[in-house]
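To start, the structure itself, in structure tokens.
Keep in mind the model is a prediction, meaning the values are calculated, not measured.
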Amino acid sequence: MVSAAGTGSEGSRRVTAAMVAREAGVSTATVSLVVSGKAAGRISAANQAKVEAAVARLGYIVDTAGSSLSKGFSPVVVLIATDISNPFYADLTASARAALGERYELLLSANDPGSQAGPEAIRRLLSLRPAGFLIDAPSAELADGIPPGTNAVLLDAPGIDTPWPTVNLDVAGGAAELAGHLASLGHRHVAYVDSVIDAATFRVRREAFLTAAADLGMEASHATRSLTAIDDARRAFAAAWPEWRAAGVTAAVCCTDTHAYGVLEAARSAGLAIPEDLAVAGFDDLPYSRHTSPPLTSVRLPSGELGAAAGRALRALIEGTDGESRTDGRSLLGRDAVLGSELVVRSSTAGNA
């Protein structure tokens with residue numbers, strides 16, 4: 001199938017291979033050979049030049065998706081991202097793209113800040129006839145709303161009871177390790193900076209930290225929420241700090257490193273010494289976290305490994321190489337994958353780290 005939409009000399013009409021052939025004075029088959037890159041040794045240089053000139057004049061673009069669909073294959077994979085303002089998505093996206101291979105095109109579907117995709121987003125995106133979906137940090141509602149028979153892999157979806165294959169991060173283990181670290185430093189009153197997005201991953205890391213903190217004798221009842229944006233986190237901390245200070249809070253745990261960057265900035269503006277007056281820690285261990293002032297203690301969550309594993313799983317799912325047959329149109333892969341986390345201690349919590 002070689003057809004396209006164009007806006008060249010043909011105006012707003014759909015430009016087809018037949019139009020290009022008429023413009024160039026050649027056959028439609030000749031046009032197909034040129035635009036598909038198969039002209040070498042099969043047509044003359046003169047005719048190839050005529051076709052290329054006609055393509056440029058008419059604004060012809062090959063409908064590769066339509067061509068693939070006519071052969072029973074879609075090259076489109078959609079990555080649904082919860083919050084692309086978080087740099088965590090850079091490695092995740094690049095690694096997923098590489099794992100999928102050159103056969104596929106990875107499209108990004110992003111939400112407005114503070115909002116989360118729901119089942120209706122999946123239904124809208126299905127109009128693109130994608131080969132499959134990579135869905136990062138979904139809610140349980142979204143997971144439940146995926147239509148049966150859809151190729152989908154869920155990323156960073158801890159605690160969600162779903163038949164869809166998942167690739168998770170051990171956010172609960174990392175949260176518990178962080179609580180142990182703060183308790184070992186003598187902290188007894190800890191605050192938590194959460195996300196406004198109600199994703200399962202944020203709920204699990206919050207609940208795991210609060211549970212571990214309570215078990216270790218720490219009070220972690222002080223909390224605030226903000227967008228991932230640094231300025232929003234800075235404002236949220238500034239508004240909460242007077243109450244936290246009165247309650248004796250000596251450490252702030254943030255659900256992402258980006259939140260922690262805002263807290264570090266606001267704490268410095270308030271004249272606080274870190275970590276002497278306030279210890280600060282986050283989740284993700286972004287590349288920037290080793291360069292903040294002071295360097296940030298963080299739970300390392302391997303975003304690149306997450307994207308790569310999910311990309312491989314989805315490709316196996318699409319191409320039928322996952323090793324298991326479908327029984328209900330939904331249960332596809334075997335056991336879900338869980339990638340380990342690691343607490344990286346730096347001087348935002350331990351001054352001599």
Side-chain angles (χ1 to χ4, degrees), residues 64-66 68-69 72-84 86 88-112 115-169 197-201 303-324 326-339:
T64 53
S68 296
L69 285 168
F73 169 76
S74 168
V76 175
V77 168
V78 178
L79 169 61
I80 297 180
T82 299
D83 186 356
I84 60 171
N86 190 338
F88 180 84
Y89 282 104
D91 280 349
L92 187 156
T93 303
S95 297
R97 163 65 272 174
L100 285 167
E102 296 181 357
R103 190 182 188 196
Y104 296 94
E105 296 294 335
L106 183 63
L107 304 184
L108 177 65
S109 174
N111 305 301
D112 293 331
S115 67
Q116 192 172 21
E120 70 285 350
I122 299 289
R123 292 191 289 270
R124 287 196 305 268
L125 290 165
L126 280 171
S127 65
L128 299 174
R129 294 178 287 180
F133 292 92
L134 295 171
I135 306 173
D136 184 73
S139 64
E141 179 190 15
L142 186 152
D144 288 343
I146 301 173
T150 304
N151 291 325
V153 173
L154 310 186
L155 296 71
D156 196 12
I160 293 182
D161 183 13
T162 176
W164 301 106
T166 63
V167 181
N168 282 319
L169 300 163
I197 298 172
D198 188 28
T201 184
S303 59
E305 293 178 32
L306 178 68
R312 289 192 298 269
L314 182 61
R315 183 171 179 176
L317 198 58
I318 294 167
E319 298 174 359
T321 58
D322 56 279
E324 293 193 7
R326 304 186 186 200
T327 57
D328 60 0
R330 300 184 73 190
S331 300
L332 302 170
L333 294 181
R335 295 182 178 179
D336 297 328
V338 179
L339 304 178

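Annotation for Leu155 and Gly307: closest pair CD2-CA, 4.5 Å, computed over non-hydrogen atoms. Listed here is the closest heavy atom pair of Gly132 and Ile318: N-CD1, 4.3 Å. Across all non-hydrogen atoms, the minimal contact from Ala200 to Pro158 is CB-O, 3.4 Å. The shortest heavy-atom contact between Ala152 and Pro165 is O-CG, 3.3 Å. Arg315 and Gly101 make their closest contact through NH1-CA, 3.7 Å (heavy atoms, listed as atom of the first residue, atom of the second, distance). Here the closest heavy-atom approach between residue Ala199 and residue Ala137 is recorded as CB-O, 3.5 Å.
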Going through the checks in order, is the side chain to side chain contact (heavy atoms under 4.5 Å, CB included) test met by Leu306 and Leu339? CA-CA 7 Å; Leu306 178 68; Leu339 304 178; 4.1 Å; yes

Let me see the working for Thr201 and Thr82 under side chain to side chain contact (heavy atoms under 4.5 Å, CB included), right down to the final yes or no. CA-CA 11 Å; Thr201 184; Thr82 299; over 6 Å; no

Might you work through the side chain to side chain contact (heavy atoms under 4.5 Å, CB included) test for Asp156 and Leu92, ending with a clear yes or no? CA-CA 11 Å; Asp156 196 12; Leu92 187 156; over 6 Å; no

Between Asn151 and Val77, does a side chain to side chain contact (heavy atoms under 4.5 Å, CB included) hold up when you go through it step by step? CA-CA 10 Å; Asn151 291 325; Val77 168; over 6 Å; no

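Remark: side-chain polar atoms of Trp164 are not paired, donor with acceptor, to backbone N or O of Leu154 under 3.5 angstrom. Looking only at distances, a side-chain donor or acceptor of Ser95 sits under 3.5 Å from a matching main-chain atom of Gly304. Not a single donor-acceptor pair under 3.5 Å links the side chain of Asn168 to the backbone N or O of Val338.
Counting non-hydrogen atoms of neighbouring residues, nucleotides and ligands closer than 6.0 angstrom, the CD atom of Glu120 exceeds 12 such neighbours.
Here CG of Asp144 is found 8.5 Å from OG of Ser139. Values are rounded to the nearest 0.5 Å. Atom CD1 of Ile160 and atom OG1 of Thr166 lie 9.0 Å apart (nearest 0.5 Å). Summarising the geometry, atom OH belonging to Tyr104 is positioned 7.5 Å from atom CG belonging to Leu314; distances are rounded to the nearest 0.5 Å. Separation of atoms CG (Leu134) and CG (Asp136) is listed at 9.0 Å; rounding is to 0.5 Å. Remark: Leu107 CG to Leu79 CG distance equals 9.5 Å, nearest 0.5 Å. The distance from the CD1 atom of Ile122 to the CG atom of Leu142 is 5.0 Å, given to the nearest 0.5 Å.
Residue Phe133 forms a side-chain contact (heavy atoms from CB on, under 4.5 Å) with just one option from Val153, Val76, Thr150, Ile146, and that option is Thr150.
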